[in-house]
> 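Below are the structure tokens for one structure; questions will follow.
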2 protein chains.
Amino acid sequence: MADQRLSVECAGNDWCSITATASLIGKKWHPVIIHRLLRTNALGFNELQEDVDGISSKVLSESLDDLEEKGLVDRQVVQDKPVRVRYSLTDLGESLEPVVRSLAEWGEQHLEPAENLV
Amino acid sequence: MADQRLSVECAGNDWCSITATASLIGKKWHPVIIHRLLRTNALGFNELQEDVDGISSKVLSESLDDLEEKGLVDRQVVQDKPVRVRYSLTDLGESLEPVVRSLAEWGEQHLEPAENLV
DNA sequence: CGGTATCCTCATTGATACTG
DNA sequence: CAGTATCAATGAGGATACCG
């Protein structure tokens, strides 16, 4: 149960848990990707890309590499004729559920979609 | 009590509360600044800069402008001989407390400082 | 004290195309 | 399906200096 601890550097001289957390999931698409994986664990690359909506394959690929490297996301190759890959959250990734949920809830309560079309 | 709602655009076609929230507080220093203001409301510019630790005056200034523009931070000029300014959170800014707290708590539980000096 | 003004560099993104 | 390659554009961030 996610009792591994990641070593994370911090700008400045003092270590700050917020800065450290932000360095892990503070990238533009990370919270959304994690949210989608929380909602539906084990998604394929293209499924995920559709779910995230707006992300390019390049950036999704980079983001997943980054999340995997940080131990938040697990990548499993399910060998078939055409390659099949499943992305899912690690225990550590799943432990972010409260964080992502609080982001989502705050947004739902305090924000609203901007009208940008006629 | 913070029942104003901000209109926020979103990448992609679907509006997503997480992406929207991230567009507000997803900049590198925003969560930390908000955290410091939650801890000690009404700080001066230089006080804040020391509290944040590692941020340059330029970036702090830009960040505060951004947060003010978004209605999360309030800037009050307390006129003295030398100019005095107090930064504090708006109601909307204060409403981020659970979000920032969850970031901080997660970091405390799952991360640890990296040793980077001898 | 509370910032701006430069200048510069690196990181991130977007668009597009291509591959096994 | 699951990506990688390339290139161009943007912009966030750092260092430093300066001002009322």
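Bear in mind the structure is a predicted one, so any value in this text is a computation, not a measurement. Here is the naming used below: chain letters follow the sequence lines, and residue numbers restart at 1 for every chain.
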> Working to the nearest 0.5 Å, report the span between CD1 of B:Ile18 and CD of A:Glu108.
8.0 Å

> Scan the side chains in residues 50-58 of chain A for donor-acceptor partners under 3.5 Å anywhere in the protein, sequence neighbours excluded, and list what turns up.
from    : atom 1 : to      : atom 2 : distance (Å)
A:Asp53 : OD2    : B:Asn13 : N      : 2.8
A:Asp53 : OD2    : B:Asp14 : N      : 2.8
A:Ser56 : OG     : A:Val59 : N      : 3.2

> Are the side chain of B:Thr40 and the backbone N or O of B:Leu37 linked by a donor-acceptor pair below 3.5 Å?
no

> Not counting sequence neighbours, which residues clear side chain to side chain contact (heavy atoms under 4.5 Å, CB included) with B:Ala11? List them please.
A:Trp29

> If every non-hydrogen atom of B:Cys16 is compared with every non-hydrogen atom of A:Arg36, which pair is closest and at what distance?
SG-NH2, 3.7 Å

> How many Å lie between NE2 on B:His30 and P on D:dG11, as a whole number?
15 Å

> Using the side-chain contact (heavy atoms from CB on, under 4.5 Å) rule, pick out the option among B:Thr90, B:Leu89, B:Leu67 that qualifies with B:Asp74.
B:Thr90

> Can you list, by residue number, the residues of residues 57-67 of chain A that have a non-hydrogen atom closer than 4.0 angstrom to DNA chain D?
A:Ser57, A:Lys58, A:Ser61

> Could you state the interatomic distance from CD1 (B:Ile34) to CD (B:Glu97), rounded to the nearest 0.5 Å?
11.5 Å

> Rounded to whole Å, please give me the gap between NZ in A:Lys27 and C1' in C:dG14.
17 Å

> Listed in order of residue number, which residues of residues 42-50 of chain B have a non-hydrogen atom at under 4.0 Å from DNA chain C?
B:Gly44, B:Phe45, B:Asn46

> To the nearest 10°, give me the bend of the helix from C:dC1-D:dG20 to C:dG20-D:dC1, comparing the axes of its five terminal pairs at either end.
50°

> With sequence neighbours left out, write down each residue that passes ring-ring contact (aromatic ring centres under 6.0 Å, His included) with B:Trp106, or none if nothing qualifies.
B:His110

> Could you tell me if the side chain of B:Ser23 sits less than 4.5 Å from the side chain of B:Glu9, heavy atoms only?
no

> To the nearest Å, how far apart are A:Gln76 CD and D:dG3 P?
13 Å

> Please name the pair of heavy atoms, one in A:Cys10 and one in A:Ala20, separated by the smallest distance, quoted to 0.1 Å.
SG-N, 4.1 Å

> When the distance from OH of A:Tyr87 to C1' of D:dA2 is rounded to whole Å, what number comes out?
7 Å

> If you compare every side-chain N and O of B:Lys28 against the phosphate oxygens of D:dG11 (OP1, OP2), does one of them come in below 4.0 Å?
no

